[in-house]
Each structure stands twice: as C-alpha cells, then as structure tokens.
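Just so we're on the same page: letters track the sequence lines, and every chain starts at 1.
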Amino acid sequence: MFHPVGELDFIAIYKHILTFWDEHKCFQTLVEKNGSGPRFSFLDGPITANNPMGVHHGWGRTLKDLYQRYYAMRGFHQRYQNGFDCQGLWVEVEVEKDLGLNSKREIENYGLEKFSRKCRERVNKFSQIQTQQSISLGQWMDWPNSYYTMSDTNIESIWYFLKVCHERGWLYLGHRAMPWCSRCETSLSQHEMLETYYEVTHKAVYVRFPIKERPGESLLVWTTTPWTLPANVAAAVHPELEYLRIQAGEHILIVGAETVHRVGTEGKDYRVLGKCFGKDLLGLHYDGPFDDLEAAKNIDHRVIAWDMVGSQEGTGIVHIAPGCGQEDFELSGVENLPIIQPVDETGTYLEGFGEFTGKRVQDLQQAIFADLKRKGVRFKTESYTHRYPSCWRCGEELIFRLVDEWFISSEEIRPQMREANSKVRWVPSHVQKRMDDWLVNMGDWCISRKRYWGLPLPFYPCKACGHLNVIGSLEELRERATEPFDLPELHRPWIDAVKIRCEKCGETVTRITDVGDCWLDAGIVPFSTMKYFEDREYWKDWFPADLVLEMRAQLRCWFYSLLFMSVALEKTAPYKCVMTHEKVLAEDGREMHKSWGNAIWFDEAVEKMGPDVVRWMYLGQATTEPLRFGYGPSREIKRKFLQFWNVYSFFVLYAQEDKPGLVYDRVPQENTRLLDRWLISRVNSADALIRASVENYEVRKAVIAIENLWEDLSNWYVRRNRRRFWKEETGPDKIAGYQTLYYTLTTVCRLMAPFVPFISEHIYQNLVRSLDPSAPESIHHTPYPVCDPGLVHTTLEEGVAMVQRVVSVGLAARNAAGQKVRQPLACAMLVVPEELRETIRQFEQDIVEELNVKETQFLDDPGPYIRRHVALDMKSLKSRLGKEAGAIRKAWEEVNQDDAYDALSMGNEFLLDLPSGLVAITPDDVRLAMEGTEGYSAASEKGVTVVLDLTLTPELIAEGRCRELVRKLQIMRKDAGLEVSDRIRLHLFRGEIMDDIVNRFKDFIAAETLAVELTREAPGQDCFVRDIEVGNDTGLVGLVKVA
RNA sequence: GGGCCUAUAGCUCAGUUUUGGUUAGAGCGCACGCCUGAUAAGCGUGAGGUCAGUGGUUCAAGUCCACUUAGGCCCA
C-alpha cells in the first residue's frame, strides 16, 4: 500500500526523482513509446555555452519543457535536441579574461592555435555545466545528442548558404562606417547593437567654422564627439529651416533659429543681426578647425543641404565627418565629399594628424579642446548627457569608423521575408508587427567579424583577376585546394593554411581572415541539425518547426537570422509559431545586479526553492510582462502546493488505515454522493480548460485553472467530507469517497505533470505505482487526461459555487452580528436565484453545518427581515452638484430608505424634492447597505442574500456552551500531548454548567473527545488538569490517556 | 520624430479580444476572529478602488473608439 506522507520537501523530492528517472531510463522509454506517434517539431534555440545559466534562462527552458512534456503525454514524437551556441566574441572575451589578454595583438602573440583550443575547452566545460543545470530544472532532452554550432556540419551548412547567396549576387564587400569596438577591434552589426545604449555624460563642444566668403562671420557647430573634428569635411544645414545671424561678443555667428538660446545664458548676451534660410547658406566655404594637419590639408570645406538636420539639435548646423559616422558616410556619396579616416582598428590616430597621431580616441579630448582654444575657434563646452552605444561584450564606448566588411544584401529577400513572416503565428501577436517593422528597416546583413574563434568565412577573393571564389562545402574545398590537407576542425588558424585555385584564372588564392557573425551559426540550425543535406525526407518531416520559443530580444537576432536563412534557402519561414517571453527581473522590480544584492543564481534558486516552485513561478507569469523572480513569490507558491499536498497527505493517512479497493484511472460510478460528482465534474471541466489554454499558448490560464482546482479540492471537497473518512466502518459510501479522491488526486497529478514534473511524479509513484505495478512506470508515460464531457455538469458546478457563496455571505452575517460559529442558530433564510434552488437544496446539510444553523429556508423577499440603508457619498455629490450637497444631506434624513434603496439598487435615479427644485440622485452618489431588523442579521453579495435568525432559545445556548466546552477539551488534549486517536478518561469536576451540559450532551462530548469514560469525580494525580470557563461558569477539568 | 506594449486595492497581479450587461476579483500584507481528527496545518470576516485622465459611441463602458499623461520596449 502507500508510503506514509511526510512534509513537503521539494528539494528531497527532486533529487530522488532525478535518480529514479536516471536509473529507470524514463526519458528513453518515453521517446521509444512515442516513436511512431504524430510529430511535434520543437526547435531549440542554442544557448551560449559560455557561463553558467542564469535564472533568466530558466523561464524559456521551463516553457520549452512544458510544451515538450505536454505533447509527449499526448503521444507526439519529438526530437528533443538541445543546442549550444559556441562561437563568437562572447566566448573570445571570456577566454581573454581567463588568460589575462587584453587585445588582438596579445591574442596573436599567445598563439591562435592555443587560443582556439581554449575557446573550445570553455564551450565544452560550460555546455556540460548548463546541461546539468537544465536537468536539475527538470528539462527532458536528448542531452548526448545536443548540437553545437561550432561543429563542422554546422559550419559547412553555412558555407552552403553563403554560396547560394553569392550565386544570387547578394554577397558583397562593403566599405562603410560601422559601429566599432576599439578594444575588441571589430565592428558590431545592427543586431548586436541591441541593449547597448546607455546614458552617458560627454563633454560637448561648440566650434566656430569661419566662413571664407564672409570675413568675421562663422558657422557655429556643436558636437559630442570632438575626436571626429579632424575628419570634418562639411557642415550640413536644413534648407527649409530658419537660421539667425547674431552678434555674440566679438563674433558674428550663424545659428539655427530654434537653438539660438544655447549660445548664451537665456539669450542675454547675443544680438540678432538678421535671419536667413538654410538654403541661403548652401555652397559657402569655411576654414576647417584642423586644416593645419597633413591629412586635412587640401579639403574644400563647404556647407551642404541635409534634410535630416533637426531644428532642436545642437546648433542646427551639423558637423559632417564621413569617416566617422554612418549617415555622414552615406551623405558623402550623395554630395561627393572626400573621406578622412582618422583612426585604425584600435582607435589610434593614424599618420598625418600631427600631435594626435599615435594617441587613442579615448585619451584625446583634452588635447583637442586645447588645440581648438589655441586656434580661437572653441566657442564653449558643456556637459551633455545622452544615450550612447557601447560594446555589448566589454563595455567600451563604441566609435564609428570606415571598414571593409562583408554584407549580404537584403533588398531582394526583404519582401519574401515579410511575406513569410505574415504566415507565422506570433505569441503575443503584436510581436509579428515588431518583426515586420524590423524587416522594413533592416539594412544589409553585415556578416564578417575581424576575430578568431568563429565560423571561417569561405571567401577567397582572387587578387589576380578580382574574382570572388566562395566555397560551399568541405568537399569542394578539398577539390579546389592547391594541395591535400588534413584539418583537425574547420577553424582558424588551421583553415587559414588552405589555399585554393581561382576558378576563373587558376591563380592561388588565400582565404580572407574574417570570421562570421554568430547569428549565422544559430540561424542555420533548421538545416544543419535536421539533416537537410544527408536525409531530405527526414528534414521534410521536421521542417518547419511547429514551435520556437525564446525571449523576445531574439527578435532581431535568432528569429531574424532563422527567417533570413530559411527564406533564402527554401522561401519559407522555418517556424509555424514563435512564442516569446519578456525578461526576468529581481523581486524588487529592478534588473538583477550583483552589486545591488538582488541577484539570485540559478543553482541557488533550484537548491533553495526547488525546481517545481521555480517552474511554477515562471509558468504562472504572463509571458508578455517581465517576471519578478524572488523568494517572496516562492513562499506563496509553496503555500499553494501545500494545500494540494495536504489533501494528498490526508488521503494517504486514511486510505492506509481502511485499505479500500482502489482502482487507478477509473471514474467512480456507484454509491457516489452529489459532491463526489461535483468534484469529478470540476476535474473534467478544468481538464478541458487546461488543454485549451496550453494549446493556445496561454500557460498562465492553465496554471490558474490548476490552482483553482486545488482550492476547490481542499477547501470544499475535503472540508465537507472529512467526517465521512473518520467513520469506523468502511461501507460503500466511504469507498466511493475514497475512489473519488483517488481518481481526482491521480488525475490532477497527471494534469500537473508537464508543469511540475517532480512532485507529480513523486505522488504518482506513491499513489499509483505502489498500488498497480502494471501502470506506466512514470507519470510522464501516462496519456494526458482527456475531458469526458459526459462527466461535466454545469448546473451542479454553478450550484456548488452558489452554495459556497451562501456560506460566505452567511458567515459575513454572523460576523456582523458578533455570533461565533460555534453558537448554533435556529435558521438561515436564503434568497438565491430561482433556477439554482433545487441544486442548493440538495446541499442543505453542508450549509447547515458550515453556518451551524438548525435549518435553512428559501425566501422570496427578504423585505420583512432587513432594513435598507442608503448612505450618501458626499464627495461625489459635491463634485457633481456643488453647494447643493448640504441641502441634499438635510433632505435625505426624511427620505424613505427602502424606496431609495429599491430604486438605486436597480440602477435607476432617485428624485429628491428640494426647495430649489427636483434633484436626481444617481447610484454613483450613494453607498447601499443592508442590515437585519431586530433579531436578525443579514448580508448580501452577487445575487445571494442570507438572513440569520438570531433568536437564542435556552436549548441553543446550552448547545453552544457544549461546543465551547468540547473545543476547550480538544485544546487540552493537544496541550497534553495526546495523539488524535488516543482515548481518554475525562473528569468534569465542579461547576454548575457541567451538570446541565453533561446531562444533555454526555454522548456527544464523549464522542468528540474520544472519552471512553466520563466521570464527575475529582481528577487524580495522573491527570492533565485545567480550570476552564464556559459561559459564566467555571469548572475544573482533568483528562488522562487510557490504554 | 515613428511604432509597439502597459496603467485595476498598500504590494504582486487576474478580469478587458472572440462576447460591452447585477454590487470590479484573487493572493500577499494588515486588523479581527474561527477551527482544533489535514494540526509547526486549515478556514472566515473586515478595512482598503474616482479601473491613469479627458472626450466619444451606447439604453449600458474597467471592457469599444479618439486624444492626453506616465512608465517600459523597439526603431530613427
């Protein structure tokens, strides 16, 4: 039979169950069991195997596991392939830190071969750690079969993709200004700019550009990046904006009309001389601030038109340096501007920049300012706070510089991607529009990185003939290589040694040294991991994925690269549905931050809360809102589980005694009570709701449905049925009760199983497997329960809900009258909806017991028993009617409250006759209250009114005192340290009340307190003794355990 | 400057679409109490809301529409 149930210990349970699954190979059994089932294709987004997992990873992983487990219980065959993202700057930067390296030069000195080995080691180490962490969260995956984006297969698949792009003419080497990290010495692509903008305060400078054609007059230009001034070639104005010619001190300046206030303090120290439009300034020439430098010597600085110039920004005149900004660079094409590239990869000034040469951008500010001052063109400086991008990896502020990078053109594919996106189901739906916005705005995809540990781009540009050779596979590389090779892996530096023959001219060609954007690595996985090249039939079975699920930030990373590559290769989206979730915050609503002390580590969360609690926290949260993760919420969750656990514990406690013949997976049919059928109905209607919610990606709804089921099970079914299980004999009624509870507990566990795999397995093992060894070995091998509509009784569920409300309202009426529940009352009169009377009548006994009344009656009209009272809401009246409110209050004292109540409670207005005329009082102006008339107490809520008859007969009073006495005896039993089943001898000594009560209720008292002997003699030395007070009487009581 | 999301009790959040409809709900916290055969558990009652604001549609708006404000996210 069952094992006794101890305390709820999530940690012990999960550890035990993990071992159990492992020893019994439960996951493998599941995969085999569903091997011939319909397919559910889930595609796992690769997690970067670079650090231990954080709690923010747990959300997605829990959702992923929920869906895989749910569809597994529904018999679906799945791949269960986990993925690791292995390449790119992420890994390099961490390895650099470990090795104490701090630049590309240091890496090269260290040796690329050793460096690549270290990167691989790191990935291997953390993929193992992350695997263990995921297992502890309960994730079931085919772990040994995880894919790694650094694998040769993955790399070759990307090569194929790149070759396809090349064949379509999409691939090109671009020369552009890119956001650049001078520490990592690489550019950042558009999607790497995500979450890289921070509030930064910079020193901004106003600089004069003296106009050649107008001696003594200058353009005033403002910039937050003074280091770019040596690269200035032009000044841009908006042709349609108004500009002012002003006298400021000794200078005459040209400034935008709307920004002129910046020139001085509140406009006091300048004088307007004239005005003009931007177009009037076009073509003017000016002296650049650094014309003395070799690199800027022959530049012809002029004023150009640009309609992106904002009227509020800076001075309305924009400094243009095409070598230092993307928009500036684009403008240089339109305006045919020269381009000055001031810095190298490390942000160091190149030759030709005088004293700046050899210095880094970050260290130059003072020198530039000093130089500008010396030349007399520095107008003023100011601190300026704005959002500025920094490197997402190392935190270094980014600069913009001109670089050669490889791009995939997005013009041709853009409409196809938008079309494909329109067929995808996004959860939540508005993300689809986000994706479309992103696609509309996406620039060409910059795929090259000037780094080491990454996908080697298979580009072999021929210096002799200019032809670009793109290799599409390892086999092709072998065929075209100048000599045979043996590579340990497709990575730098090994691959760099391979040279090929140009297919055009036959010249020997070397690979470019660039590696690829890591989103290429991740975007190819629907092909590389689904046997696109080896087994097309298999691929067709699994592509496109039914579900992809990641945090929303993946929109322009993984979701984007997946879509791009899949549309390029197959003209279709690789996913049918994409579910996204928001980010995880600390309990206080802020980001988790080590230094703020609000961070919780993943391992710590699992070890302290238990994985089931962690999962419940994730699954109970709307995926559209950030999750607040913390110990406070986890305690609340544990309490909810405890409610269910206690029912389980209660059931096992009694079932072990009585050993009723229980049958797994059978709905009790015979001898059931109405409340049994109600519970069975609740389970089945919840089942339907849970399934629908999960399948519609409304996981939270399912979680709430389960919690409500726990609540009804514990707080109504068990509460109302407890005495049924105390009975000595085990008759048909009791057996039906057991089977109902058994059916419910095991079914609810199976409903919960995909959500909380550990605790549900634990209970299943005890309730099902220990009883029926032929049942499936694991709860996760059982089919997900199917709602039987024939067992759902809507009227019954509504009726019980109404009974629950009657009880609640009745207790409120008791509370209002100050009558404790233990004092029996004669009658509760109920006003309830006509159509539910019949159902409610069947539960009269429940109402009678819960409210402790002798009987219930239905009432058509509570009128004679209640007094209505309408209180004015003076605030509302004052705001609506002003001064009249006082007069209304006076007049209100004369109003018949019943009439007013009736009118207002129906939502109508009530007309009040004032000397000044009729005033309409609306339901918003009042508060409706109800109280019992003399001798009655009443309360009302949502269509239910309960009137209690408060009249106490001597008989009722005596019974109340008896219950009081019994209660105090029970406390004594507990204080005496007795077990609940211990039998006692009871001494009721002294006190008149005893005589009366004992005479009337002797049997009742004996039964309730398990007294086998009840005596009026004085308690002896062996007794636990106490003076107690009942009503106005006191007495001496003793009790002692008897054998 | 453009787009998307959010705003409900002290706190954390349901409810809002499909389908506008009685007195807007829960948990936590707080106050008071009950129960004592689930017991280092369980339960009840209460206080606490101008449903961000304004306007509109409607017999009827927390719910639909428009605008405004505040916060968040994204783009530029």
Is the closest side-chain heavy-atom distance between Trp445(A) and Ser561(A) below 4.5 Å?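 Result yes, sub-4.5 Å side-chain heavy-atom pair found.
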With the side chain of Val647(A) defined as its heavy atoms from C-beta on, choose the nearest nucleotide among A38(B), G33(B), C43(B).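 Of all the options, the side chain of Val647(A) is nearest to A38(B).
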Side chain of Arg967(A) - closest among U45(B), U36(B), A38(B):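 Per side-chain heavy atoms of Arg967(A), the pick is U36(B).
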Give [X] one of three labels, base, sugar-phosphate or nothing, depending on what nucleic acid heavy atoms sit under 4.0 Å from its own.
| X | answer |
| --- | --- |
| Arg722(A) | base |
| Val440(A) | nothing |
| Lys974(A) | base |
| Leu555(A) | nothing |
| Arg814(A) | nothing |

Which nucleotides of RNA chain B pair, in dot-bracket form (Watson-Crick or G-U under 3.5 Å, | meaning another strand): (((((((..((((.......[...)))).(((((.......))))).....(((((..]....)))))))))))).
Mark up nucleotides 1-14 of chain B, 5' to 3', with B wherever a protein heavy atom is under 4.0 angstrom from a base atom, S wherever such an atom reaches only the sugar-phosphate, and - elsewhere. --BBSS-----SSS
Nearest heavy-atom pair of Glu711(A) and Gln643(A): which atoms, and what distance?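 Closest heavy-atom pair between Glu711(A) and Gln643(A): OE1-NE2, 2.9 Å.
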side-chain hydrogen bond (donor to acceptor under 3.5 Å, both in side chains) with Glu964(A): which residues, sequence neighbours excluded?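 For Glu964(A), the residues satisfying side-chain hydrogen bond (donor to acceptor under 3.5 Å, both in side chains) (neighbours in sequence not counted) are Arg822(A), Lys968(A).
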